[in-house]
Structure formats: C-alpha cells, structure tokens
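Everything on this sheet refers to the single structure shown next.
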Amino acid sequence: MTFAVTSLSKVYGGTAALSSVDLEVRPGEIVGLVGTNGAGKSTLIKILSGAAKPSSGTLSFDGRSLSFAGPLDAQAAGVQTVHQNIDDGVVFGATVAENLTLDSLAGGGGAPGWFQTRARVRAAASAVAPGLGLPLDAPVETLPAGARQQIVIARALSRRARLLILDEPTSTLSAVEADALVARVKQAAATGVAVLYVSHRLSEIETLCDRVVVLRDGRVVRTFTAPPDRAAIVTAMLGPVAATEPGSAPRPPGAEVGGPAREVLVAEGVRAVPGGREFGLRVRAGEVLGVTGLVGAGKTELLEQLAGARPLLSGRLLLDGAPYRPTDPRAAIEAGVAFAAEERAAQAVVPGWSVRAHVTLPWLRAHSRAGLLAPRSETAAARRVADLFGVRGPGIEAPIEALSGGNQQKVVVGRWLEGTPRLLLLDEPFRGVDVGARADIGRVVREHAREMGVVVASCDPQELIGLADRVLVLHEGGPAGELPVAETTAERLAALMSGTGEGVPA
Ligand SMILES: Nc1ncnc2c1ncn2[C@@H]1O[C@H](COP(=O)(O)OP(=O)(O)OP(=O)(O)O)[C@@H](O)[C@H]1O
Ligand SMILES: [Mg+2]
C-alpha cells in the first residue's frame with residue numbers, strides 16, 4: 001500500500017508553502033521529513049491528513065487517487081495523524097480517560113459503562129507506554145503539555161493505521177520519553193505501517209528513519225537513504241549560503257564581567273510541586289541557569305511560581321536582594337520578571353492578532369504615548385524581534401496563525417527580550433524551533449544575559465548544555481542535582497533525570 005503525493009502545491013495568499021512536491025511512503029518504511037521553520041512540513045501533513053486542500057497535485061494509495069473531504073475521510077482511509085499543535089488532538093473539558101477513548105465513544109454502540117471505559121483506557125494507554133501513569137479522572141486541560149502529547153500519541157498508535165503521520169511528536173517530551181516513542185514507532189513500522197515522521201531533533205531522525213526527505217522553501221531539495229549523514233542534512237536544510245553547522249552558542253564570560261555580579265534571584269526553601277523536597281536557587285546577572293527533568297518533574301511548576309502564575313508553595317524569594325512574592329503575572333512583570341510560558345497555543349497566541357501585536361502585548365505601556373498605542377514604535381519592536389530571530393513568513397502585519405509553528409515560537413519568545421527584565425524565565429523556548437534558529441535564540445539570550453539573570457527550562461539536556469552555565473535537574477518534584485555545564489554531559493544529566501545518576505546535592 002504505497003502512499004504517494006505527486007506534484008503537490010499549496011499557495012496561501014501570495015506565499016507558495018509547497019511547490020511541486022513528490023513523495024512516496026511504502027508499507028513498513030519510516031520516512032523522515034525535515035526542513036527549517038516554514039519549510040512546508042506541516043502544510044504537507046495537513047494536506048495528507050485531510051485538514052487542508054492542495055492548490056494542485058494528487059494523493060494516491062497504490063496508484064488509486066484519493067481526495068479527502070476532511071480529516072474524518074483521511075482517517076477512514078487509514079491515515080492517522082498527530083498534529084504539531086497537540087491541542088488539535090485533545091478535547092478540553094473532558095477527562096484523560098474520555099480523551100483516550102474518544103474513538104470508541106464517538107463510534108456509537110451505546111454509551112460504554114464506566115468499567116468498560118476504564119478497561120479500554122488501560123489498553124490504549126499501555127499500548128503506547130506501559131504505565132503511562134496519568135490521572136485518568138483529571139480534566140485533560142489540567143495536565144502539562146507533555147502529558148497531553150502522550151495522550152494524543154497513545155490514541156493515534158492505538159488506531160489501526162496504514163499511514164501514521166507524526167508532526168514533531170517529541171517536542172514536549174524528554175529524551176527518555178522520546179526514546180520510548182521511537183521504539184513504538186519502529187514496532188508499528190515492523191507490522192507494515194507506513195510512517196511519515198517530522199522532527200527537529202536530528203538524532204531521532206538518524207536512529208529512526210529509513211529515508212530522509214529535506215524540504216526547503218516548499219520544495220524537496222534532497223532525499224537521503226539510511227544511514228543519513230547529519231551534517232549533509234543540515235546543509236540541505238539551511239541551503240548552501242547559511243550552512244554553518246550550528247554548534248553551541250559562544251559563551252561570553254557572563255558573571256566574570258566587571259567583578260562579582262549581583263544576585264538577581266535567590267530562592268530559599270522552595271518546592272517544585274506540593275510534597276516535593278525543598279531546595280534553594282541562586283541566579284546572578286549574566287548567568288543562565290538551566291532546569292531539566294522528565295515530563296512531570298516540576299520544571300513548569302517551578303517557573304510558574306517564580307513568575308507569579310501560581311502561588312509559591314513554600315519558602316521565600318528575593319529579587320535583587322528585596323523580598324519578592326508576586327501575586328499574579330502582572331505583578332511579576334512590574335517587578336521586572338518576564339516569563340515566556342511553555343504552551344504557545346494555550347497561553348501565548350491570540351488567533352487573529354498580528355505578529356506585531358504579539359510582540360508588543362507585554363509592553364503596551366512602553367509603546368504608548370498619552371495612553372494611545374504608538375504604531376511606529378510597535379512596528380520597530382516587531383521588526384527587531386523578527387530580524388533578531390529570523391522570523392520567516394508573511395510579515396509582521398499577518399495574523400500569527402499564518403506563521404509556521406517554529407516561527408510563532410520565535411515571536412513569543414523573542415518578544416520578552418524587547419523589554420529589559422531583571423529576570424527572564426523561559427519554559428521550553430526551543431520547542432519546534434529548527435537547528436539554525438536554536439543557535440540564534442541561544443546567542444541572543446546569552447547576549448541579553450549580561451544584564452539579567454536567566455532561567456531556562458527544557459526537557460532536552462543537550463539544549464541546555466549549549467546555553468546554560470549550570471543545570472538543575474529535577475526528579476519527581478525534588479532536586480536530583482545541580483551541575484556546572486563545564487563539568488557535565490547530556491548523558492550524565494539524563495541519568496539524573498531518570499533518578500539513577502549521582503549529582504551534587506542541590
Ligand atoms: N494559514 C496560513 N496562511 C498563510 N500562510 C500560511 C498559513 N499556514 C502556513 N503558512 C505559510 O506556509 C509556509 C509553510 O508553513 P509550515 O507550517 O508548513 O512550515 P513547517 O515546515 O511546518 O515549519 P515549522 O518547523 O516551523 O513547524 C510558511 O511560510 C507559513 O508562513
Ligand atoms: Mg510545522
């Protein structure tokens with residue numbers, strides 16, 4: 001059952017998102033689809049999954065042409081998709097159990113009894129990861145993004161698929177959880193499922209894919225067969241001019257500049273989650289503290305407490321030596337604490353609003369003159385952010401949803417560097433951002449860190465090694481260790497994350 005697209009094109013307004021794309025995925029084959037932010041990956045996937053219509057070109061299964069009226073049509077034809085925006089795949093207001101069993105509930109045959117539902121949930125959950133360990137009765141919106149992503153993936157894997165499509169499935173998962181997913185995808189392929197897999201994590205692409213297709217500016221520029229050469233993939237993605245292998249961001253001396261820098265943040269006796277072990281934190285100006293841990297380890301909960309987005313569980317905070325106890329995010333911003341939250345779709349993106357408005361939203365006062373917004377100052381700010389991070393797409397006046405996922409992420413992270421916070425908190429800033437832009441974000445954050453303290457949470461220890469001075473590892477809500485990056489490796493951090501490594505007590 002070979003799945004093929006031929007001469008596929010998609011035009012949005014004046015932008016060609018895809019131009020004459022040819023692609024085949026054969027049964028049992030895992031095809032990697034890579035490309036920089038805005039290359040056209042999600043557009044291709046939306047067309048394959050019936051969520052968007054092509055401007056021209058055809059889809060076919062074994063030579064028989066297909067046309068999908070909508071997503072349900074594609075599912076009926078055996079195309080199962082996990083979209084990049086995971087919240088397209090969960091129903092808010094319903095429980096975890098209900099979300100995992102949506103298909104059987106929607107399938108008619110009378111309302112299943114509670115016990116039946118629970119049994120099915122267990123089957124669906126253990127199909128993707130034995131002991132998924134999610135609270136079945138919790139409303140799905142109370143779960144962190146990583147847990148919601150696991151639900152969406154579990155559901156896609158439990159359905160019978162001929163073509164399984166995964167768009168950035170691991171962007172909210174830590175390395176350990178991602179490895180489990182990779183194993184599951186391999187199993188599915190071994191049973192004859194054709195797989196199309198999008199990821200910015202090239203190590204995953206390397207271990208998983210039989211073939212790798214590189215998209216650039218909406219065109220297929222190269223195809224690699226396994227084992228693909230990572231450097232050659234990066235070159236093909238970025239194009240001949242921009243292709244310098246993005247290594248870790250150069251690390252300016254930070255705290256060493258001009259003697260011992262002031263302590264921006266001191267936290268004493270804080271907890272990441274209720275019942276977690278207490279610990280302390282210190283961040284100086286010019287310093288970047290990384291925080292890592294598995295999904296559920298408490299990274300987001302910790303940052304949200306520092307940002308006034310949830311009440312401090314215990315202990316006390318000092319900001320530049322003065323007591324700091326924000327009651328809400330507005331109070332935190334006023335105290336000089338900026339927080340780029342983890343969940344772009346739910347917390348940062350306002351559909352219909354322009355890119356410009358998203359950049360200036362937190363800084364309205366700075367862009368106002370006598371209570372009125374000053375459009376020129378707003379436009380200048382939006383241009384700066386777009387240039388600094390290489391935001392590509394239809395321009396700063398376009399609605400934000402016309403940008404690719406990674407470009408939206410650059411906007412909502414970059415806008416926090418427009419102000420001059422004392423403490424900058426970034427939760428998963430690299431989610432869905434391509435290798436080139438990761439290096440850009442890292443560089444800009446390091447440059448800004450000369451005047452401020454920065455705390456970056458990421459489930460990927462490798463990302464923190466390129467950016468942070470020290471890394472705090474959380475395990476089940478408590479500190480598993482805090483290590484200077486100069487003295488650690490991604491493997492050592494991963495061991496601490498899973499609760500097996502030895503660290504320096506935090
Ligand atoms: N609804 C839309 N309206 C206008 N332009 C759009 C729309 N959706 C996508 N585009 C444009 O199409 C191009 C391809 O976007 P797409 O989302 O497919 O990129 P991608 O490869 O998935 O990138 P990322 O890695 O950032 O997710 C981009 O230039 C984007 O701005
Ligand atoms: Mg995308």
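One-based numbering, in listed order, for ligands and for the atoms of each. Count residues from 1 along the sequence.
Using a distance-only test at 3.5 Å, with no hydrogens or angles considered, a donor-acceptor pair links the side chain of K41 to the main chain of G35. Formation of a donor-acceptor pair under 3.5 Å by the Q408 side chain with backbone atoms of I400 is found in this model.
In terms of heavy atoms, P169 sits closest to V198 at CD-O, 3.4 Å.
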> When you look at F3 and L66, which way does the side-chain contact (heavy atoms from CB on, under 4.5 Å) test go after all the steps?
Replying inline: CA-CA 10 Å; F3 201 88; L66 288 171; 3.8 Å; yes
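Using a 4.0 Å cut-off between charged nitrogen and carboxylate oxygen, R431 and E168 do not count as a salt-bridge pair. Salt-bridge check for D469 with R446: passed, with a basic side-chain N closer than 4.0 Å to an acidic carboxylate O.
Around the Mg ion (ligand 2), the protein contributes the following N, O or S atoms under 2.8 Å, ordered by chain and number: S42 OG, Q84 OE1.
Within the structure, side chain to side chain donor-acceptor pair (under 3.5 Å) pairs that include any residue of residues 10-25 comprise E24-R26 (at least two apart or interchain).
For the pair L464 and V288, the minimum side-chain heavy-atom distance is 4.5 Å or more.
Remark: D440 engages R443 in a salt bridge (Lys or Arg N to Asp or Glu O under 4.0 Å) (not counting sequence neighbours).
Annotation: ligand 1 has protein neighbours Y12, A17, T36, N37, G38, A39, G40, K41, S42, T43, Q84, H200, G393, P394, A402, L403, S404, G405, G406, N407, each with a heavy atom less than 4.0 angstrom from the ligand.
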